[in-house]
Amino acid sequence: GGLVASRSATLFDSTGARLSRFGLEEILRVRPFKPSAELQDIVDNYWSLTGGPDDLYLLARTKDGPLGAWSGKLVPLWCYEPVEILEGGRVAMDIVMGRGRRAILPGVVLSHYGKGQAAYLSSSLESLYAGSGIQAAAELVESLVRAVSPEALPFEVEAPSGLIANLTCRGANNSVLHLINWTGNKREAVQINEDWLAPLAQGRMLGAFCL
């Protein structure tokens, strides 16, 4: 199988107390650490925002590999966890400074565990996308899912951004792809994303594909 984890996943116990290592360290091959004085100064003066030279970004190391398509493309960083890489891990993307694109920390670490693969993303890009709708964040998360998936996607949907697609499976041979292009929500504003999905019940299959 494949696993994608971000920021502080498995770094807290059931009571909310922070741990000294990831619960899935053996799989993710990263460990949290305290930056040195020089690096801490950079961390304190560069922010995980968007729109200026003092921001931080994610940048792919090479044009090869599963994330090669992101080579040369700066992806806005969000709240992140400083980590160090362990043996068995490979840095695919760095956290870089806005000035000069200097790499300062691992951004995406890929690893193998048994027959499966894992990707650790030090930035919580999913919350960045949820809050601002930055498409690059969603596309990078999609790339990570593809990178660790043991099998290719069974199908893909190409449509305008206003379409919402939901796949539901029941049993081994029954799937329903529910498509809707109007959420019914007219109160959306900048940095506020709200979705409402029309219910799909037995006997109401209009607008859905049965696979």
Side-chain angles (χ1 to χ4, degrees), residues 3-63 65-68 70-113 117-141 143-145 147-148 191:
L3 172 69
V4 176
S6 67
R7 199 187 175 190
S8 302
T10 75
L11 196 52
F12 294 84
D13 65 17
S14 58
T15 67
R18 184 182 171 91
L19 306 174
S20 61
R21 55 190 291 179
F22 290 93
L24 294 178
E25 177 184 286
E26 184 178 0
I27 298 176
L28 302 179
R29 309 313 300 155
V30 292
R31 180 179 298 161
F33 85 113
K34 182 175 178 57
S36 63
E38 178 185 0
L39 181 55
Q40 186 62 54
D41 183 61
I42 294 175
V43 170
D44 291 341
N45 287 280
Y46 281 76
W47 306 284
S48 52
L49 301 174
T50 56
D54 294 325
D55 299 338
L56 294 174
Y57 301 88
L58 290 166
L59 182 64
R61 282 196 169 184
T62 69
K63 296 181 180 180
L67 299 180
W70 293 92
S71 177
K73 300 178 182 179
L74 293 176
V75 181
L77 192 69
W78 194 231
C79 301
Y80 65 98
E81 182 73 35
V83 299
E84 59 182 347
I85 187 171
L86 301 177
E87 183 179 357
R90 176 174 63 87
V91 179
M93 300 185 78
D94 294 291
I95 294 177
V96 301
M97 299 163 55
R99 299 178 187 271
R101 300 190 177 186
R102 174 187 170 187
I104 61 171
L105 288 165
V108 173
V109 177
L110 302 178
S111 60
H112 289 269
Y113 187 80
Q117 300 181 80
Y120 171 74
L121 171 65
S122 62
S123 172
S124 57
L125 286 191
E126 68 278 11
S127 62
L128 174 63
Y129 177 75
S132 62
I134 294 180
Q135 191 62 30
E139 292 174 356
L140 179 55
V141 172
S143 295
L144 293 176
V145 172
V148 301
Q191 296 187 340

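Ser111 places a side-chain N or O within 3.5 Å of a backbone atom of Ile27 that can act as its donor or acceptor partner. Between the side chain of Asp13 and the main chain of Thr15, a donor-acceptor pair closer than 3.5 Å is present. The closest donor-acceptor contact from the side chain of Ser122 to the backbone of Pro106 lies under 3.5 Å. No donor-acceptor pair closer than 3.5 Å links the side chain of Ser123 to the backbone N or O of Leu77. Between the side chain of Tyr120 and the main chain of Gly107, no donor-acceptor pair closer than 3.5 Å is present.
Taking both residues in full, the closest heavy atoms of Pro76 and Leu125 are given as O-CD2, 3.4 Å, listed atom of the first, atom of the second, then distance. Considering every non-hydrogen atom in both Trp70 and Met93, the closest pair reads CB-CE, 4.2 Å. Closest non-hydrogen pair, Ser127 versus Ser124, comes out as OG-O, 2.7 Å. Closest of all the heavy-atom pairs between Lys63 and Ser71 is CG-OG, 3.3 Å. Nearest approach of Asn45 to Asp41, heavy atoms of both residues: ND2-O, 2.6 Å. Closest approach of Arg18 and Pro32 over heavy atoms only: NH2-CB, 3.9 Å.
Here the CD1 atom belonging to Ile42 is positioned 5.5 Å from the CD atom belonging to Glu38, to the nearest 0.5 angstrom. Distance CZ/Arg90 to CZ/Arg29: 15.0 Å, rounded to 0.5 Å. Annotation: the span from Ile85 atom CD1 to Arg31 atom CZ amounts to 12.0 Å, rounded to 0.5 Å. Going from atom CZ of Arg21 over to atom OG1 of Thr10 covers 10.5 Å, rounded to the nearest 0.5 Å. Separating the CD1 atom in Ile95 from the CG atom in Leu58 is a distance of 6.0 Å, to the nearest 0.5 Å.
Other residues, nucleotides and ligands place no more than 12 heavy atoms under 6.0 Å from the CD atom of Glu26.
Counting only heavy atoms from C-beta outward, the side chains of Arg101 and Leu74 approach each other to under 4.5 Å. For the pair Leu39 and Ile104, the minimum side-chain heavy-atom distance is below 4.5 Å. Between Val83 and Phe22 there is a side-chain heavy-atom pair separated by less than 4.5 Å. By the 4.5 Å heavy-atom criterion applied to side chains, Leu3 and Leu28 are counted as neighbours. In this structure the side chain of Tyr57 never reaches within 4.5 angstrom of the side chain of Met97, judged on heavy atoms. In this structure, the side chains of Tyr129 and Leu140 stay at 4.5 Å or more apart for every pair of heavy atoms. Side-chain contact between Leu67 and Leu144: present, with at least one pair of heavy atoms (C-beta onward) separated by less than 4.5 Å. Looking only at side-chain heavy atoms (C-beta outward), Leu110 and Val108 come within less than 4.5 Å of each other.
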task: List the steps and the verdict of side-chain contact (heavy atoms from CB on, under 4.5 Å) for Ile134 and Leu128.
output: CA-CA 7 Å; Ile134 294 180; Leu128 174 63; 4.1 Å; yes
message: Could you go through Trp78 and Arg7, starting from their C-alpha distance and side-chain angles, then the distance that decides it, and tell me whether this counts as side-chain contact (heavy atoms from CB on, under 4.5 Å)?
response: CA-CA 10 Å; Trp78 194 231; Arg7 199 187 175 190; over 6 Å; no
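A search for salt bridge (Lys or Arg N to Asp or Glu O under 4.0 Å) contacts involving Glu87 returns nothing, not counting sequence neighbours.
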